[in-house]
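Written out below as structure tokens is the structure these notes cover.
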Number of protein chains: 2
Amino acid sequence: MSDNTKAAASATAAESDTKSRIIGVAERMIATKGAEQVSIRDITREAGVNLAAINYHFGSKERLFAEALARSITAINTTRMAMLDKAEAKAGGRSPSVEALLEAFILPLLHTDENECNRYAHTAKMLSRFFLNPDEEIMHMLRPHFMPLKERLLRLFSAALPEVGKTDVEWRLGQVFAIMHHHMLFADLRCKDLGKKLNVKKELRRLVAFCSAGMRATPDGEAH
Amino acid sequence: MSDNTKAAASATAAESDTKSRIIGVAERMIATKGAEQVSIRDITREAGVNLAAINYHFGSKERLFAEALARSITAINTTRMAMLDKAEAKAGGRSPSVEALLEAFILPLLHTDENECNRYAHTAKMLSRFFLNPDEEIMHMLRPHFMPLKERLLRLFSAALPEVGKTDVEWRLGQVFAIMHHHMLFADLRCKDLGKKLNVKKELRRLVAFCSAGMRATPDGEAH
DNA sequence: CACTCATTCAAACGTATGTTTGAAACGGAC
DNA sequence: GTCCGTTTCAAACATACGTTTGAATGAGTG
């Protein structure tokens, strides 16, 4: 069995060739076929490695999938953090606008791939998969990839919305998350089924308009 | 194989005993374990019927699930329609407010069961399941259960929001749907994992506040 | 009773799955 | 060259699954 941490040895090579090839193929295949439809046989065949490699390197299929998901999330959240950096710099000492914050949260999710389909649609699908079938171990393993961004967003939105209570801000941020989760699930459907190209700019404008209004809503409804 | 429609015979007994017992058990089991985790062996064992009964009565597992989902959706949408009737009656000749329309859309989804958990959480899970794994035949079979309500909501929201274009109204209604879908997925999690009771009134107030602001948003952002 | 249809049943089918095993191949250390 | 831990490999394992089959049952009809 050996430790999860590879033996000291040549630590420079970030990962064994097989291990990184497996996780790369897993990400791509999950992207195109959906997590439920990918077997470890599919992955190992495509990656040109032995069937047993996945259990050897990751322990189980489930943990491989969790690592693939964590990788996507990290990529997305790194972009978001960078956009928040820019927004904060641009705002000088003041807090960035709700719209700027929303853009930092939303835009990275709209990136398109070479087919002009949503690049992270598979990430949304994997998330759905874990939401539907919650596994405490995996949730725990994923949490650190979400927390820093969430804390920062909470702080920034609270600053931009001083009239909204902190718990409300958190709750409303949850709705933005919901919208984006759903959005990506369906961006995938729309793209694959209809061959429609996605109009990122228009989507972004609509999403920011809807969400910023929601974030700013007066607590007791009746805005007009 | 015989037709799907049972032979004429005693049409008074709405469904054969086995058939209705199967669909009832299926609904309940999907509710508690999640659609992915329920096998036809689980269902038939629990219902006390033969393993082959599902394929005999429904043709396949997938079609049984679709029927169970359609049943839930019909129940929900009937309530929504009734609430819309009331809202329209109350508004007299004028169009009901955005808030009243949202309540009709949202409240039926918040009904709790005897454990004060969300009663339709399983419906959301089943929906998620079909979204993740779209099957044209099943989607087609589900459509009629959604369309009448959707058309009516579109018409009413457009009347209540004359300054928002029809395609925008439709798009925004989609976001409300997204929020509710996600909301129910997580209401289930919260309820089961934490044993927390759900505060329907508070949830409704928050949801309506967020969504009504979003529905009313000025198209080009920057509300203040 | 005899006929017929829908329904139920136990059993088997065929297959796809994630995982384990035990031996072989590799590669650096001494 | 030999040892030793790591990695790869082909093969088997152990089920779990949805579905099919063909005979048995049962009720309604003539």
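In what follows, chains are A, B, ... by sequence order, proteins preceding strands, each numbered from 1.
- Looking only at distances, no side-chain donor or acceptor of S158(A) sits under 3.5 Å from a matching main-chain atom of R155(A).
- Spacing between atom CZ of F58(B) and atom C1' of dT19(D) amounts to 16 Å, rounded to whole angstrom units.
- Remark: T18(B) is in phosphate contact with dT8(C), judged by side-chain N or O atoms under 4.0 Å from OP1 or OP2.
- With rounding to whole Å, I54(B) atom CD1 is found 15 Å from dT20(D) atom C1'.
- The NZ atom of K19(A) sits 9 Å away from the P atom of dT7(D) (whole-angstrom rounding).
- In this structure, the side chain of N55(B) does not engage the main chain of A52(B) through any donor-acceptor pair within 3.5 Å.
- Around NZ of K61(B), the count of heavy atoms belonging to other residues, nucleotides or ligands within 6.0 Å exceeds 12.
- For an aromatic pair to be called close, the ring centres must be under 6.0 Å apart, and H182(B) with H182(A) fails this.
- Of the listed nucleotides (dT21(D), dC17(D), dT19(D)), dT19(D) has the atom at the smallest distance from the side chain of I40(B).
- Residue-to-nucleotide proximity on DNA chain C shows that, of Q37(A) and A52(A), the 5′-proximal contact is made by Q37(A).
- For the OP1/OP2 pair of dC17(D) and a distance below 4.0 Å, the side-chain nitrogens and oxygens of S39(B) include at least one atom meeting the criterion.
- Within a heavy-atom distance below 4.0 Å of DNA chain D, the residues of residues 41-51 of chain B found are R41(B), L51(B).
- A close approach under 4.0 Å does not occur between any side-chain nitrogen or oxygen of H57(B) and OP1 or OP2 of dA6(C).
- When the C1' atom of dT6(D) is taken as reference, atom CG of D17(A) falls 15 Å away, rounded to whole Å.
- Per the geometry, CG belonging to N55(A) stands 15 Å off P belonging to dT7(D), to the nearest Å.
- Neither side chain, T74(A) nor N77(A), offers a donor N or O lying under 3.5 Å from an acceptor on the other.
- To the nearest angstrom, P of dT8(C) lies 8 Å from CD1 of I22(B).
- With a 4.5 Å cut-off on side-chain heavy atoms, F105(B) and L84(B) do not count as touching.
- Proximity of a side-chain donor or acceptor of Q175(A) to a complementary backbone N or O of W171(A) within less than 3.5 Å is detected.
- dT8(D) atom P lies 7 Å from atom OH of Y56(A), rounded to whole Å.
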